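One-based numbering, in listed order, for ligands and for the atoms of each. Counting begins at 1 with the first residue of the sequence. Keep in mind the model is a prediction, meaning the values are calculated, not measured. As a basis for the values below, the full set of heavy atoms in this structure was taken, side chains included, without hydrogen atoms, waters or symmetry mates.
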Amino acid sequence: MQDSDPNTPLALIVDDDLTFRTLSRMSLEQEELRVEEVSSGQAAVDFATACMPDIVILDVQMPGMDGFATCQGLRRLPGGDFVPILMMTGLDDVESIAKAYDMGATDFIIKPCHGLILSQRVRYMLRASRTLNALRISASSLAQAQRIAQLGGWEWDFVHDRLEVSDAVCHILGILPASFNHTQSAYLGCVQEGDRDLVAEAMRKAVADGTGFDLDHRVIDTNGTERIVHFQGEVITDDVGRPQRMLGTVQDVTDKRATEAKIYFLANYDGLTHLPNRNLFLHRIAQAICCGMGTNIIGAVLVLSLDRYQRVNDMHGPRSGDQILKEVTGRFQRALSTSTTIAQFAGADSTMLARLGEDQFAALLTNLPTAEDSAKIAKCLLTSLEAPFQIDGTTVMLTASVGIAIPGTDGTEPNLLLRHAVTALQAAQNSGDRSCQYYCNSMNVSIAARITLEQDLRAAMNANQFVLYYQPQVDILSETVIGVEALIRWQHPTRGLISPAEFIPVAEEEDLIIQLSEWVIKNASQQQKTWRNSGLPPFPISINLSSLHFRQRNLISQIRSIVIENGGDPPYLELELTEGVLMTNATTTMTTLKQLKGLGFRLAIDDFGTGYSSLAYLQQFPIDTLKIDRAFVKDIKLGKIDSPIMRAIIGMGRALKLHVVAEGVETRDQLAFLRMQGCAAYQGFLFSRPVPPNHLLPLLQSHLRQPIPKSA
Ligand code: C2E
Ligand code: MG
Ligand code: MG
């Protein structure tokens with residue numbers, strides 16, 4: 001052996017004739033092959049069992065196991081399928097050549113032959129074998145890759161309607177390769193009936209145009225489940241450009257499509273309500289605008305927000321909150337489908353309901369007869385919330401506000417339209433009547449002012465910009481001061497003194513009121529201590545308690561500790577509550593009121609007469625004082641010095657043994673009337689405006705009644 005490099009191809013010569021073996025070896029070694037020789041068939045099989053050669057040169061006529069049997073034996077060995085076997089026959093007859101091929105020979109050569117011919121033949125066979133091997137490896141990798149990708153290939157000779165498909169295609173189609181009859185209609189037969197025409201038409205068109213196609217169709221797999229298949233093909237033309245056949249792939253994309261659908265859903269829909277989200281909503285506005293909305297088609301963009309949803313969520317927990325949002329969705333959807341007929345427009349296609357965030361929904365309306373019809377539909381949406389919501393056995397009432405922007409008039413850019421609708425919504429919320437507002441340009445200004453106020457208010461808390469003013473309460477008969485009401489003022493760094501009427505509602509909405517309320521109680525208590533220390537006799541200070549603060553869970557313990565820590569005296573502190581507080585949830589209100597009374601606080605009903613509650617109803621609560629709203633006192637003017645309502649309220653207040661205080665007394669006529677009716681006390685500009693403590697001190701020193709009675 002010339003070369004022992006294991007990469008050099010190994011040839012095995014099998015012949016019982018030593019001379020032939022030697023000659024053959026010489027010519028092959030010149031070709032730089034490694035050569036081994038054996039003299040019998042059995043020895044060849046034994047050799048190949050231990051080490052499979054790269055080529056076998058095999059004599060046919062040998063004693064014992066002849067060449068044919070040896071060839072068969074070699075083929076049966078592991079790795080023996082593809083080894084090239086060159087049979088050498090001395091018999092120049094067709095029969096033995098045919099037999100050699102039958103037994104698995106790769107080629108044959110007539111013996112004796114020239115050494116050069118033999119070596120050339122071997123060289124050629126080795127090269128072919130290497131190419132075949134490489135092809136086999138790549139075919140097997142391709143098959144494996146296709147199996148992983150659930151991909152199969154096909155080729156269609158459409159001239160003769162012969163369709164070849166790979167096993168992988170059959171697997172994807174849910175059929176056995178043997179049962180496929182190789183025509184286009186056999187393939188179409190595997191396609192789901194509903195998709196069949198689509199596939200046939202795509203193939204027909206590709207053939208006609210000499211192009212390709214690319215589509216998804218459904219099939220039923222061997223388990224009877226529906227799969228989605230991506231079917232792709234391309235026309236192959238001959239040298240002169242005539243379409244000849246079509247090549248393509250079939251891929252099972254069921255899982256891929258499911259994932260894509262999920263991703264699409266997550267990107268465009270809200271997971272809770274399954275409504276389109278902001279993204280898809282904006283997209284639909286853009287589409288509608290392209291189709292003429294805002295030019296020749298009238299449309300509207302509505303943004304709806306549930307009032308005080310956050311509070312419902314806090315009280316009942318997020319699960320109930322979610323449940324409410326789902327029910328709201330259902331109600332809005334029903335309202336939209338019925339209101340479309342009310343407004344008589346094109347149909348359900350013309351609307352889209354979306355969820356923009358937390359408690360914010362949006363609706364796109366197109367094909368409206370008039371822009372005003374959007375308000376009718378908005379009204380239907382609001383009305384749909386009127387029926388109470390049943391959540392975990394309790395009843396929850398919900399209202400909402402709506403802002404409307406009209407495409408065209410209010411803009412043609414989706415984001416801008418949505419922003420304008422939100423601005424209109426904020427205006428609706430701020431207007432207090434919680435209804436529906438169309439967008440107008442001036443809104444941006446007032447909304448900006450409101451946003452600035454909110455921001456400033458938060459900063460004011462930390463910057464200590466609040467002060468308490470005090471307004472005296474005066475005994476009507478003796479005209480002496482019998483108490484004061486603490487009224488908060490905001491010393492704004494640029495705007496000056498801001499009235500509580502302006503910022504208290506904002507503080508309530510932005511959840512700053514509790515903090516503010518605590519500050520008032522703390523400061524009034526400290527003021528009480530200061531006055532006491534200055535030698536003044538004790539007198540009641542009235543403090544306004546916001547309903548939100550009153551509903552605070554730990555109200556009692558919190559108020560007590562603030563008052564005590566800051567030197568306040570509960571029997572000389574009167575907490576003013578509005579009728580609204582007493583009207584809702586009577587049982588818990590009663591408990592809280594009793595607890596406050598238990599701590600020694602006095603209790604007053606503020607702004608009485610505005611809440612339409614009857615005095616008889618209020619009688620059940622442990623109230624000390626009744627403050628008649630300024631609006632009724634205003635009624636008593638010069639020349640009209642009677643007010644039946646005032647007479648009734650004062651009369652009933654007295655009968656119920658309440659300390660009756662009239663608010664907003666500005667004239668002596670009003671005072672005279674109140675005195676005549678037996679009203680006990682008043683508060684008003686007539687005696688003094690609310691003033692800071694240092695201005696109040698001289699007034700207290702000269703007009704404070706002594707001693708102050710403990711109860712009315
Ligand atoms: P209120 O509790 O009814 O306070 C009486 C309001 O009437 C005060 O307005 C006072 O300045 C005004 N007033 C008194 N006498 C007259 C008069 O003769 N003529 C006129 N035109 N007005 C008079 P103010 O200080 O602007 O407070 C408005 C409301 O803001 C208060 O109404 C009260 O509901 C609320 N508020 C004030 N301070 C606080 C506070 O510390 N906490 C809470 N939660 N609310 C407060
Ligand atoms: Mg008050
Ligand atoms: Mg009042």
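- In this structure, atom 6 (C) of ligand 1 is not in close contact with the protein, since no protein heavy atom lies within 4.0 Å of it.
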Can you give each donor-acceptor pair under 3.5 Å made by side-chain atoms of residues 688-702, sequence neighbours left out, with the distance rounded to 0.1 Å?
from	atom 1	to	atom 2	distance (Å)
Ser702	OG	Pro698	O	3.1
Ser702	OG	Leu699	O	3.2

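- From the protein, the heavy atom lying nearest to atom 15 (N) of ligand 1 is Gln471 NE2, 3.0 Å.
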**OP:** For the pair Glu565 and Arg560, evaluate salt bridge (charged side-chain N to carboxylate O under 4.0 Å, His left out) and give the outcome as yes or no after the intermediate values.
**Re:** CA-CA 8 Å; Glu565 276 166 29; Arg560 187 182 47 199; over 6 Å; no

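- Residue Lys627 does not touch ligand 1, judged by heavy-atom distances below 4.0 Å.
- At a 3.5 angstrom cut-off on N or O pairs, Leu468 does not count as close to ligand 1.
- Residue contacts with ligand 1 for Thr578 are absent, since no atom lies close enough (heavy atoms, distance under 4.0 Å).
- Side-chain polar atoms of Gln473 and Glu485 form no donor-acceptor pair below 3.5 angstrom.
- Below 4.0 Å from some heavy atom of Gly664 lie the following atoms of ligand 1, by number and element: 15 (N), 16 (C), 17 (C), 18 (O).
- In summary, the atoms of ligand 1 found under 4.0 Å from a heavy atom of Asp607, numbered by their order in the structure, are 3 (O).
- Between Asp456 and Arg495 there is no salt bridge, since no side-chain N of the basic residue sits under 4.0 Å from a carboxylate O of the acidic one.
- Note: Phe539 and Tyr572 fail the aromatic proximity criterion, with ring centroids not under 6.0 Å apart.
- The protein heavy atom nearest to atom 41 (O) of ligand 1 is Val520 CG2, 3.4 Å.
- Regarding atom 31 (C) of ligand 1, its nearest protein heavy-atom neighbour is Leu487 CD2, 4.2 Å.
- The nearest non-hydrogen atom to atom 38 (N) of ligand 1, considering only Asn523, Ile488, Leu686, comes from Ile488.
- Judged by distance alone, the side chain of Ser534 and the main-chain N or O of Trp531 form a donor-acceptor pair under 3.5 Å.
- Summarising the geometry, atom CD1 belonging to Ile498 is positioned 9.0 Å from atom CZ belonging to Phe466; distances are rounded to the nearest 0.5 Å.
- The Mg ion (ligand 3) has Asp606 OD1, Asp607 OD1, Glu663 OE1, Glu663 OE2 as protein N, O or S atoms under 2.8 Å away.
- Gln526 places no side-chain N or O within donor-acceptor distance of the main-chain N or O of Asn566, the cut-off being under 3.5 Å.
- Among protein heavy atoms, atom 42 (N) of ligand 1 sits closest to Asn544 O, 3.5 Å.
- Remark: minimum distance from atom 27 (O) of ligand 1 to any protein heavy atom is reached at Pro500 CG, 3.3 Å.
- Formation of a donor-acceptor pair under 3.5 Å by the Arg551 side chain with backbone atoms of Val581 is found in this model.
- Taking atom 11 (O) of ligand 1 as the reference point, the nearest protein heavy-atom neighbour is Pro690 CG, 3.3 Å.
- Rounding to the nearest 0.5 angstrom, the gap separating the CG atom in Leu512 from the CZ atom in Phe503 is 11.0 Å.
- Here the protein heavy atom with the shortest distance to atom 16 (C) of ligand 1 is Phe685 CE2, 3.2 Å.
- The closest side-chain donor-acceptor pair between Asp475 and Ser478 falls under 3.5 angstrom.
- Counting only distance, with no hydrogens or angles, the side chain of Arg331 and the backbone of Ala387 share a donor-acceptor pair below 3.5 Å.
- Ring planes of Phe687 and Tyr682: perpendicular class, angle over 60° (limits at 30 and 60°).
- Taking only non-hydrogen atoms, the option from Glu576, Gln683, Glu666 nearest to atom 20 (C) of ligand 1 is Glu666.
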Original post:
Is there a side chain to side chain contact (heavy atoms under 4.5 Å, CB included) between Leu417 and Tyr439 once you walk through the steps?
Top reply: CA-CA 9 Å; Leu417 277 166; Tyr439 173 77; over 6 Å; no

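- What sits closest to atom 12 (C) of ligand 1 on the protein, heavy atoms only, is Arg630 NE, 4.2 Å.
- Near Asp606, meaning under 4.0 Å from any of its heavy atoms, are these atoms of ligand 1: 1 (P), 2 (O), 3 (O).
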**OP:** Please assess Lys627 against Glu663 for the test salt bridge (charged side-chain N to carboxylate O under 4.0 Å, His left out), listing each intermediate value before the final yes or no.
**Re:** CA-CA 7 Å; Lys627 297 186 77 174; Glu663 295 190 284; 3.8 Å; yes

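- Counting only distance, with no hydrogens or angles, the side chain of Arg532 and the backbone of Gly567 share a donor-acceptor pair below 3.5 Å.
- Proximity annotation for atom 25 (O) of ligand 1: of Arg489, His549, Glu485, Arg489 comes nearest, heavy atoms only.
- Restricting Glu485 to its N, O or S atoms, the one at the least distance from the Mg ion (ligand 2) is OE2.
- Taking a cut-off of under 4.0 Å to the non-hydrogen atoms of Ser546, the atoms of ligand 1 that pass are 44 (N).
- No more than 12 heavy-atom neighbours from other residues, nucleotides or ligands sit within 6.0 angstrom of CD1 on Ile645.
- Shown here, atom 22 (N) of ligand 1 is in close reach of the protein: a heavy atom of it lies under 4.0 Å off.
- Near Val665, meaning under 4.0 Å from one of its heavy atoms, ligand 1 places the atoms 18 (O).
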